[in-house]
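Reminder, nothing fancy here: chain letters follow the sequence lines and each chain counts from 1. Keep in mind that the numbers below use all heavy atoms, side chains included, and drop hydrogens, waters and symmetry copies. Computed from a predicted structure; not experimentally measured.
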Amino acid sequence: MTVHLYNTLTRQKDEFIPIAPGRAGIYTCGPTIYNFAHIGNFRAYMFEDLLRRYLEFRGFAVKHIMNLTDVEDKLIRTCRETGESLKKITDFYAQAFFEDIDTLGILRAHEYPAATDHIPEMVDLIKKLRDKGHTYEEDGSIYFKLSTFPGYGALSRIQADALRAGASGRVDADEYEAEDARDFALWKAWDEEDGEVFWETELGKGRPGWHIECSAMSIKYLGPHFDIHCGGIDNMFPHHENEIAQAQCATGHPFVNYWLHCAHLMVDGRKMSKSLGNFYTLRDLIEKGLDPVAIRYTLLATHYRQPANFTFEAVEAAAQALCRIRDFRIRLAELDGDGDALADECSATESEFTHEMDDDLNISGALGVVFNFIRDVNKKIDAGVVGGDGAANALALLDRLDHVTGVFSPVAEDDVPQEILDQVAARQQARRDKEFAAADAIRDALAEQGWILEDTPDGARVKRA
RNA sequence: GGCGGCAUAGCCAAGUGGUAAGGCAGAGGCCUGCAAAGCCUUUAUUCCCCGGUUCGAAUCCGGGUGCCGCCUCCA
């Protein structure tokens with residue numbers, strides 16, 4: 001079996017065949033850094049993280065590029081409203097973004113190109129389009145002339161005719177300076193609402209349109225033709241469609257082989273919105289005391305093309321599932337001596353896990369495989385047949401699979417304080433003396449201090465609550 | 001109005017023609033001084049509703065209902 005991915009271009013699961021053997025170039029649409037990202041945003045970044053991690057697990061050398069949109073209408077409006085400079089705002093929220101993805105254990109992309117650092121690349125791309133007759137100018141702005149690209153709509157399967165201005169009753173053609181409402185801006189001429197936000201270029205005084213940054217930066221870092229482009233389903237049209245038009249018309253090459261789109265996240269069965277009171281940034285959830293790893297698990301555990309429902313109950317369930325994994329690791333770590341090496345169980349689990357993930361990243365199925373493994377091995381541990389080799393093999397397997405999921409890693413081993421150990425010893429003495437009331441009192445006291453005490457055949461074990 | 005997606009137990013969620021994974025929660029049991037952890041049993045005769053195709057459908061087709069997305073720079 002090889003990796004298969006659902007490709008929006010073909011509307012089916014296609015075998016992943018990279019352009020360069022053993023390598024995978026991935027471009028993912030990143031955040032507009034004008035406020036804190038919400039958990040819906042992070043679901044998309046989590047999916048992209050899983051994709052990147054899994055391809056690495058499968059032996060591909062992945063190059064992952066994520067852009068930062070740091071010039072755009074909403075940002076300029078924020079500048080106007082707050083009086084802050086563009087750079088001050090974007091620096092602040094870029095920093096917050098990186099803190100958030102670190103909190104969630106999302107691996108850093110290899111590059112985070114920012115739009116404003118790539119104005120020359122965008123200008124070059126627009127000039128190429130202009131030279132080839134794909135653009136026209138209107139009041140100092142430059143537009144892409146959609147009628148020059150017959151392939152438009154291949155990704156979203158939207159008929160260009162259906163987009164005619166006013167057909168939906170929602171498009172007010174008067175707002176468009178473009179000749180045709182379907183055309184989109186490559187370069188926007190400065191107007192006074194833009195304030196200090198402008199660049200003096202060969203194209204005039206102004207700023208880039210939104211779509212051009214992704215074409216310019218993906219081409220710069222991954223080449224004119226690369227493997228995978230990801231984003232939220234809402235970016236499929238028009239953003240990704242426009243990217244294709246720009247890139248293919250400018251370079252003359254096919255642009256991207258696999259387009260992957262992530263479904264949206266709902267909260268409590270409703271779309272997330274501030275007016276419903278179910279809109280959360282990651283920081284909101286952390287403040288409520290939720291465990292970041294449990295949040296990671298929750299965002300990860302639903303297949304990426306499935307609309308997911310985020311609930312606090314689900315995060316609690318995830319936290320309990322993580323406890324199960326943690327306790328399993330603790331049991332394994334305590335084993336030594338001769339016994340079953342678990343060779344069959346480990347290899348079967350890894351192979352089934354891989355089989356599930358090869359099928360368009362079926363993480364739910366893959367997690368099910370791991371929990372079946374945990375149950376089966378627990379059974380063997382109960383039977384007393386697992387030896388040190390088996391434990392080491394099982395832990396090594398979890399570590400390998402943790403590279404994919406990021407939720408199987410051991411909890412940070414903080415040393416148990418001596419005073420806690422003293423209380424554990426005192427309880428053990430009380431138990432030996434059959435003074436169970438005293439022993440229970442000590443156990444309760446430990447619980448209040450945040451430590452769970454469990455008796456095992458080999459003695460007491462303490463762990464953080 | 002046009003296009004697209006989704007609907008599986010109390011909650012989260014796999015499964016896309018062959019008789020319902022997994023996690024959490026609940027119930028009973030084993031183990032334990034008691035717990036915890038672990039294990040066992042159990043919890044959807046049924047997969048939004050109504051028809052149809054088929055020997056057989058959660059899975060395919062038609063119709064309906066609900067939710068969600070795109071159709072103006074929202075993951």
Side-chain angles (χ1 to χ4, degrees), chain A residues 11 28-32 37-48 69 72-75 156-159 161-163 165 167-173 175-176 181-182 184-185 188 209-211 213 230-239 242 261-266 269-272 297-298 301-303 305-325 327-328 330-331 356 362-372 374-375 377-383 431 434-437 439-440 443-444 447 452-457 460-461 463:
Chain A
R11 305 290 164 111
T28 60
C29 285
T32 300
H38 58 69
I39 53 171
N41 300 122
F42 287 116
R43 183 194 188 194
Y45 307 140
M46 193 67 78
F47 140 63
E48 289 151 1
T69 296
E72 174 266 0
D73 288 359
K74 291 191 299 290
L75 261 167
S156 58
R157 304 201 175 176
I158 287 176
Q159 303 293 320
D161 293 349
L163 300 175
S168 68
R170 290 185 54 196
V171 176
D172 179 354
E175 287 181 8
Y176 281 78
R182 301 174 297 160
F184 56 91
K188 296 180 159 187
W210 175 46
H211 310 294
E213 69 176 77
C230 306
I233 187 73
D234 53 321
N235 274 157
M236 183 173 79
F237 186 89
H239 182 53
N242 291 352
H261 292 99
C262 174
H264 277 199
L265 182 76
M266 298 196 291
R270 305 291 304 180
K271 90 192 228 187
M272 189 166 49
Y297 189 106
T298 306
T302 303
H303 184 83
R305 283 191 289 113
Q306 184 81 201
N309 189 22
F310 184 93
T311 65
F312 287 92
E313 212 175 338
V315 179
E316 174 57 28
Q320 289 303 318
L322 290 170
C323 280
R324 181 165 165 81
I325 295 164
D327 289 346
F328 179 60
I330 290 173
R331 294 190 88 188
E356 295 293 344
N362 184 356
I363 185 66
S364 312
L367 289 172
V369 169
V370 173
F371 281 106
N372 285 335
I374 290 174
R375 187 197 55 234
V377 174
N378 265 326
K379 211 180 296 189
K380 287 201 162 194
I381 295 174
D382 283 351
R431 291 184 72 214
K434 305 283 183 197
E435 292 172 7
F436 294 119
D440 290 350
R443 186 170 61 198
D444 291 345
I452 292 171
L453 190 148
E454 300 175 345
D455 296 317
T456 75
R461 160 204 299 164
K463 64 188 186 189

Taking the same atom, [atom1], in [N] and in [M], what whole-Å distance lies between them?
{"N": "B/rC12", "M": "B/rA20", "atom1": "P", "answer": "23 Å"}
{"N": "B/rG56", "M": "B/rC71", "atom1": "C1'", "answer": "42 Å"}
{"N": "B/rU43", "M": "B/rG22", "atom1": "C1'", "answer": "15 Å"}
{"N": "B/rU46", "M": "B/rA9", "atom1": "C1'", "answer": "10 Å"}

**Prompt:** Taking the side chain of A/Phe237 as its heavy atoms from C-beta onward, which of B/rC34, B/rC71, B/rC74 lies nearest to it?
**Reply:** B/rC71

**Message:** Among B/rC34, B/rA37, B/rA75, which nucleotide has an atom closest to any side-chain atom of A/Asn41?
**Reply:** B/rA75

**Message:** Looking at A/Ala301, is its backbone amide N or carbonyl O close enough to the side chain of A/Ser364 to form a donor-acceptor pair, meaning the two atoms are under 3.5 Å apart?
**Reply:** yes

**Fill in**
Stems field, RNA chain B, Watson-Crick or wobble, 3.5 Å, at least 3 pairs, by first number, holds B:1-7 with B:65-71, B:10-12 with B:22-24, B:26-30 with B:38-42, B:48-52 with B:60-64

Applying ring pair (Phe, Tyr, Trp, His ring centres under 6.0 Å), can you list everything that pairs with [X], at least two apart in sequence or on another chain?
{"X": "A/Tyr297", "result": "none"}
{"X": "A/His261", "result": "A/His240"}
{"X": "A/Phe436", "result": "none"}

Can you sort out the partners of [X] under salt bridge (charged side-chain N to carboxylate O under 4.0 Å, His left out), two or more places apart, ordered by chain and number?
{"X": "A/Arg443", "result": "A/Asp440"}
{"X": "A/Glu72", "result": "A/Lys74"}
{"X": "A/Glu435", "result": "none"}
{"X": "A/Asp327", "result": "A/Lys463"}

**Request:** Using side chain to side chain donor-acceptor pair (under 3.5 Å) as the criterion, list what pairs up with A/Asn41, not counting sequence neighbours.
**Result:** A/His38

**Item:** side chain to side chain donor-acceptor pair (under 3.5 Å) involving A/His239 - partner list, sequence neighbours excluded
**Value:** A/His211, A/Glu243

**Item:** Base-contact (B) and sugar-phosphate-only (S) positions in nucleotides 16-24 of chain B, heavy-atom cut-off under 4.0 Å, - elsewhere
**Value:** -----BSBS

**Message:** I'd like to compare against my own output: the B/S/- annotation of nucleotides 64-69 of chain B with a strict under-4.0 Å heavy-atom distance to protein.
**Reply:** ---SSS

**Asked** Could you give the CG-to-P distance, from A/Asn362 to B/rA14, as a whole number of Å?
**Response** 8 Å

**Prompt:** Ignoring hydrogens and angles, does a donor from either the side chain of A/Asp455 or the base of B/rC34 sit under 3.5 Å from an acceptor on the other?
**Reply:** yes

**Fill in**
Shortest non-hydrogen pair, A/Arg43 vs A/His303, comes out as NH2-O, 2.8 Å

